[in-house]
Amino acid sequence: MDHEKQRLNYVLFLVAGAGLVNVARAMTLSFLAIKLQQTFGLGPAMIGVLLGIGPLVGAVAAPLAGSLSDKVGRKTVLTLTLLSMALAMVGMGIAETVLAFCLAQIVAAVAIAINEPVSRALMSDVCPEPMRLKYFSWRYTAINFGFAVGPLIGIAAGAASTTLFIVSGIVYALFALALHLLKVPLHRPAAGTVAAPRISVLESIRTAIRDPRLAFFVGGGTLLVAVHGQWSATLAPYLAGNIAGGVEIFAYIVSINGVVVLLGNPFARRFIERAGALNALVIGCLLFLAGELGFLASGGLWGLAISMAVFTIGEILVIPSEYMLVDGIANDHNRGSYFGAHSFSTVGNFVGPTLGGLMLGAFGGPGMFLLFAAFAAVSAILFAVGTRMPPPRASAALTPAAASGDMAGPHLRGLYA
């Protein structure tokens, strides 16, 4: 019992840490475009290119880091990542040239990309399986709390000020220190359990890539991230250019998104528990589709507000469900590789604004919203197909744990209710 309590306390520490570091992240990184414009005099096109490089590099680096965490330990990788983030924050705060600022920003973006899959894998390592959905949901709420509070702190303290970046760096460094000092209370294997053979980082990555289920999940996840990851980057210019009072309406919509996430997340978790991860994800995709069509059909505040509420409910169903589906095809020995490989789907943060912006410029709102609606529909199909794919023979033979009940159900844990 004491060990179980330690595990849950450690999970709560990770949840609280996720909220804290995202407060620090939101109060600084939310204003990067403003800093590049005001401090260095860059135009929108150059700002977009510079801010897009880091996430692209991070999408490539995250799978390698995830597999590395399987070999050297999650805590080591996370501690180094958080320290890198701390140095990058300070570097952005004191940078006096565009080159220095952009180098620091790229380091920060790569660190963020690595932090997400490895920290999720660590939570799965520590948290008892029946409670993972609950704590993943709490973590998601904590992250959104950070993004709700962080920008307000940033505005109150002076957007993109040097002091904010330095304070943010200190927060990351303190969390890294706490993570380093605390012992990770990992799950104790049952007596007689056969230990998995140690494999190289490259072989671990190769095993994850060969899993057809994960390939479908990465494809579907990329389309989902394109829809919800940077929705403000495409919706804001549409409203400003096509709806009377669009800028003010956009501010209200952002608030609605935050309120629905914070209030609806507990109900979404209960729904996922009853409906199953795949069913909840498909319903979330349909709500994305409905929300996009609602944006297209709306011409005023109320229609757009209702559409955003529908869209956001889809978001709070999709994100925890997607994590659970990936966790369901992984095991204790390759979880970092699987979450790391799945994090390649964050390339959707680049695909969404890029293709959405092109469609908005070429075909207006109908082209952009119909594209995102199609992305949501195709994503649901990819996840449904992926869950029905058999696991790769190589990984099944490679991991004895899979043969001893580590992979409950036909191919996935928690696939259905």
Side-chain angles (χ1 to χ4, degrees), residues 11 15 116-117 119-141 143-144 208 211-225 227-229 261 264-289 311-332 334-335 337-343 345-346 348 375-391 402 405-417:
V11 171
V15 170
E116 279 301 302
S119 59
R120 290 197 297 265
L122 179 58
M123 278 193 63
S124 288
D125 289 342
V126 178
C127 189
E129 184 183 324
M131 306 183 72
R132 284 178 190 165
L133 174 60
K134 174 181 178 180
Y135 286 103
F136 270 130
S137 179
W138 283 16
R139 181 179 184 273
Y140 178 57
T141 300
I143 290 173
N144 278 278
D211 192 330
R213 303 166 299 175
L214 186 62
F216 278 95
F217 289 178
V218 170
T222 300
L223 296 181
L224 284 181
V225 172
V227 173
H228 72 77
V261 167
N265 210 34
F267 300 99
R269 174 174 58 80
R270 295 189 188 99
F271 180 81
I272 296 169
E273 289 173 343
R274 291 171 183 160
L278 176 62
N279 293 331
L281 184 137
V282 171
I283 292 171
C285 289
L286 294 177
L287 291 174
F288 276 154
L289 188 152
F311 182 93
T312 307
I313 294 171
E315 179 184 347
I316 60 180
L317 288 176
V318 159
I319 292 178
S321 298
E322 189 175 357
Y323 293 164
M324 293 304 296
L325 288 173
V326 176
D327 180 69
I329 63 174
N331 57 56
D332 292 341
N334 63 18
R335 188 170 287 116
S337 301
Y338 272 63
F339 274 111
H342 178 259
S343 69
S345 62
T346 58
F375 279 179
V378 174
S379 178
I381 294 172
L382 290 175
F383 274 99
V385 173
T387 57
R388 287 163 173 79
M389 296 293 290
D406 193 50
M407 302 279 284
H411 305 307
L412 288 169
R413 297 188 301 264
L415 173 57
Y416 303 106

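In this chain, residues are counted from 1 in sequence order.
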**Study point:** Beyond-backbone contact of F383 with V282, side-chain heavy atoms, under 4.5 angstrom
**Key:** no
**Study point:** Min side-chain heavy-atom separation P117-R120 under 4.5 Å
**Key:**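 When only atoms from C-beta onward are counted, R120 and P117 do touch, with a gap below 4.5 Å.
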Can you tell me how far [atom2] of [Y] sits from [atom1] of [X], rounded to the nearest 0.5 angstrom?
X	Y	atom1	atom2	result
Y338	D327	OH	CG	12.0 Å
L278	M324	CG	CE	13.0 Å
W138	C127	CH2	SG	10.0 Å
T387	L325	OG1	CG	7.0 Å
I319	H228	CD1	NE2	4.5 Å
S345	L214	OG	CG	9.5 Å

For the student: nearest non-hydrogen atoms of [X] and [Y], plus distance:
X	Y	value
L382	F216	O-CB, 3.5 Å
A376	V227	N-CG2, 4.2 Å
L224	S379	CG-OG, 3.0 Å
R269	L133	O-CD2, 3.7 Å
M389	P212	CE-CB, 3.7 Å
I272	S321	CD1-OG, 3.5 Å

Study note, to complete from the structure: Residues at least two apart in sequence or cross-chain that pass ring pair (Phe, Tyr, Trp, His ring centres under 6.0 Å) with Y323, listed by chain then number, are F136
Point to revise | Chi angles and distances behind the ring-ring contact (aromatic ring centres under 6.0 Å, His included) call for F217, H342 | key: CA-CA 7 Å; F217 289 178; H342 178 259; 7.4 Å; no
Review point. Is a side-chain donor or acceptor of T222 paired with a backbone partner of V218 at a separation under 3.5 angstrom?
Key: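 Yes, because the side chain of T222 sits within donor-acceptor range (under 3.5 Å) of the backbone of V218.
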Practice item. Check whether the side chains of R139 and S119 place a donor and an acceptor atom closer than 3.5 Å, and report yes or no. Key: yes
